[in-house]
Amino acid sequence: MPRTFYITTAIDYTNAPPHIGHAYEKIAADAIARWHRMLGEDVFFLTGVDEHGVKIEKAAAAEGISPQEFVGRISPQFISTWAKLGVKYDRFIRTTDDHHEKAVQQAFSRLLAQGDIYKAKYEGLYCAGCEEFKNERDLVDGKCPQHGAPPQPFSEENYVLAIAKYKDRIRAHIEANPDFVQPESRRNEILNLLETFPDVSVSRQKVKWGIPVPGDESQVIYVWIDALLNYVTGIGWGSDEAMFAKYWPANCQLIGKDITKFHCIIWPTVLLALDIPLPRQVYGHGWVNIGEQKMSKSLGNVIEPNAIADQFGADALRYYLLREITFGKDGSYTFDNFKLRVNADLANNLGNALNRTLGMLEKNFQGAVPADVPGVTAELRDRVVETRATAAVHMEKLEIQETLETLWGLIDAVNKYIDTQAPWALAKAGETEKLGGVLYGVLEALRVVTILVSPFIPHLAEKLWEQIAVPEALADQRWEALEWGGLVAGQQTNKTGPVYPRIEDELAEAGTKKK
RNA sequence: CGCGGAGUAGAGCAGUCCGGUAGCUCGUCGGGCUCAUAACCCGAAGGUCACAGGUUCAAAUCCUGUCUCCGCAACCA
């Protein structure tokens, strides 16, 4: 039985279409999932959407349609975007899925019966215009800035989760398991927050669009119970216990840094109360800023991943986000940077390396793979072995940027090797055997590179693979396939041209670039 | 004294946990090669690692203090 690897992402809120931030998280999760598949593990990758809640209720009302109809429009946009970006998940969960709703109600009942959920009065200031509770700091001169009227004191009876009961165990777990909260910078923050973190309300009276509280139809279950439980219901908790037992606990729960506290305090509380083991890791990644600014609708700088993928290819976006942003920290997207990175690494270094190699093979060997000459290729072979090992170490720690740096270091080495060996000179001198060895080495290194980069840029890797023309499918290549010598002499390559064309300045620079 | 992030070459960043010749990409300048997507290879210039103290044989890295910038209301990962 291969080792299992269960990875989840946050489920996105479907009150608006996906943007580049949503895409970043899914792409990262996908790359990690694909890497582990390559290692030969039994991977389950869960993602999905949160379709409940007041904002969706409102957004639907604004369009004069039902919430069901509304999410029925939005959720498919997430699905199609992930398809376009090559995000290959095993399950896409929607919080409106029947088995999920049932399991959530069961969990709620159990927590209530155990006393882990209790009833309490929630008091606050309610603005009828906004239909929501306001904080003191939201108000201007004691009035709602949107409606100009003072909100009314209001109290409602809610169901509350008893986090206090589990704080000690959560703290102990975080302290005993350094990998539980990652990156490390978030750990101390969580330990700090834990001290003062209050019991939270897990139901809403005023919201209609949600899972009803069992036995109390006047309220719906709030996001902390509803949405968080997707991570277990998505692999069968409450519906397919065998599957759940197989994959849980999750190896990696990838989320945005802002919701780390909910995933490291509320979520463990729910799990502990339900006697479910805690996940091995919660990883809070950073934001994608747009240039210097935070992305926001009000600033009007929201970037749509679809548009970029359509114009420049999904892998360009995947590569840029994974290579440019230190995983765990904030990063920024600018078109100029995007273009530079993608041109340099995908077109100039990787794509061109294969293209020049296949060109020489065609010219000198009619496109057939020559025989390895160990004495000639030893240098590259060593480099391949070293790269594979280093990349594995980085990926184990989710150092995606360093992983890509390492892989591109090998690509650089390949280009350098070509220059140093000067195959064109060998051809002129008639040193056919050595020439063959050089080209074998280069192509073999590129074969390994293709497999290694495939989790990150799957579509481009596929194109490279087709031209190298290894008979077996790229998707079937596992760790063992990275051993030197996989390329069989005599096999015919299939040169069809550049795999990734450079992004040219045709539009923006049309008037200014010409001399 | 609210919380948290950040300040490293012209630009964008890594390195900081586990002190020891300051690294990457792009850009600039010079050279090489000609198989290739005006690509590839080599070399050079360019940094008081925000500032001030301290610890140390040695500090971008550890400690203390100061300054500056950015998030933490909403849309929102």
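Keep in mind that this is a model prediction, so the values were computed, not measured. Naming: A, B, ... by sequence-line order, numbering from 1 per chain.
Residue contacts shown for A:K257 are absent, as no nucleic acid heavy atom lies under 4.0 Å away. A:A344 comes within 4.0 angstrom of sugar-phosphate atoms only, judged by non-hydrogen atoms across all strands, and of no base. Base contact: A:V288 has a heavy atom under 4.0 Å from a base atom. Residue contacts shown for A:E405 are absent, as no nucleic acid heavy atom lies under 4.0 Å away. Contact annotation for A:P501: base contact, defined as any heavy-atom pair under 4.0 Å involving a base atom.
Nearest nucleotide to the side chain of A:D419, out of B:rC35, B:rC75, B:rG4: B:rC35. Each of B:rG12, B:rC76, B:rA77 was ranked by its minimum atom distance to the side chain of A:E324; first place goes to B:rG12. With B:rC75, B:rC35, B:rC24 as the candidates, the nucleotide lying closest to the side chain of A:K363 is B:rC35. Side-chain proximity of A:N337 to B:rA77, B:rU37, B:rG12: nearest is B:rG12. Closest to the side chain of A:H19, out of B:rU34, B:rC76, B:rC13, is B:rC76. For A:R341, taking side-chain heavy atoms from C-beta onward, the closest of the listed nucleotides B:rC41, B:rC35, B:rU25 is B:rU25. With B:rG15, B:rC42, B:rC75 as the choices, the nucleotide that has an atom nearest any side-chain atom of A:E402 turns out to be B:rG15. When distances run from any side-chain atom of A:R502 to the nucleotides B:rU37, B:rC35, B:rC40, the shortest one goes to B:rU37. Among the nucleotides B:rC40, B:rA77, B:rU37, the one closest to any side-chain atom of A:N349 is B:rC40. Here B:rA77 is the nucleotide among B:rU25, B:rA77, B:rC42 with the atom lying nearest to any side-chain atom of A:D12.
When the C1' atom is used for both B:rG19 and B:rA58, the distance is 8 Å, rounded to whole Å. Using P as the reference atom, B:rA44 and B:rG23 are 12 Å apart when rounded to the nearest Å. Taking atom P in both B:rA22 and B:rC49, one finds a spacing of 11 Å when rounded to whole Å. On the C1' atoms, B:rU66 is 36 Å away from B:rU28, given to the nearest whole Å. Spacing between B:rC3 and B:rA9 at atom C1', rounded to whole Å, works out to 33 Å. Taking atom C1' in both B:rU61 and B:rG54, one finds a spacing of 15 Å when rounded to whole Å. On the C1' atoms, B:rC70 is 15 Å away from B:rA50, given to the nearest whole Å. B:rU21 and B:rC29 have their C1' atoms separated by 26 Å, given to the nearest Å.
Under the Watson-Crick or G-U wobble criterion, with both distances below 3.5 Å, B:rG71 is paired with B:rC3. When both pairing distances are held under 3.5 Å, B:rG43 makes a Watson-Crick or G-U pair with B:rC29. Under the Watson-Crick or G-U wobble criterion, with both distances below 3.5 Å, B:rU64 is paired with B:rA52. Checking B:rG12 for Watson-Crick or G-U wobble geometry (two distances, each under 3.5 Å) identifies B:rC24 as its partner.
Between A:Y500 and A:L350, the closest side-chain pair of non-hydrogen atoms is not below 4.5 Å. In this structure, A:H100 and A:N230 have side chains that are in contact, with non-hydrogen atoms separated by less than 4.5 Å.
Taking a cutoff of 4.0 Å between a charged side-chain nitrogen and a carboxylate oxygen, A:D419 and A:R356 qualify as a salt bridge. A:K261 and A:E189 are not joined by a salt bridge, as no carboxylate oxygen comes within less than 4.0 angstrom of a charged side-chain nitrogen.
A:F312 has its ring centre less than 6.0 Å from the ring centre of A:F338. Outside the 6.0 Å centre-distance limit, the rings of A:F335 and A:Y320 are not counted as a close aromatic pair.
A:N348 has a side-chain polar atom (N or O) that falls below the 4.0 Å cut-off from OP1 or OP2 of B:rC40. Taking 4.0 angstrom as the limit, A:K329 places a side-chain polar atom (N or O) nearer than this to OP1 or OP2 of B:rG15. OP1 and OP2 of B:rC76 both lie 4.0 Å or more from every side-chain N or O belonging to A:S296. Distances shorter than 4.0 Å separate some side-chain N or O of A:K294 from OP1 or OP2 on B:rC72. Note on A:K55: every side-chain N or O is 4.0 Å or more away from OP1 and OP2 of B:rA74.
A cation-pi contact, defined as under 6.0 Å to the ring centre and within 45° of the axis, links A:K55 to A:Y13.
If A:D258 and A:G351 are placed on RNA chain B by their nearest nucleotide, the residue sitting closer to the 5' end is A:G351.
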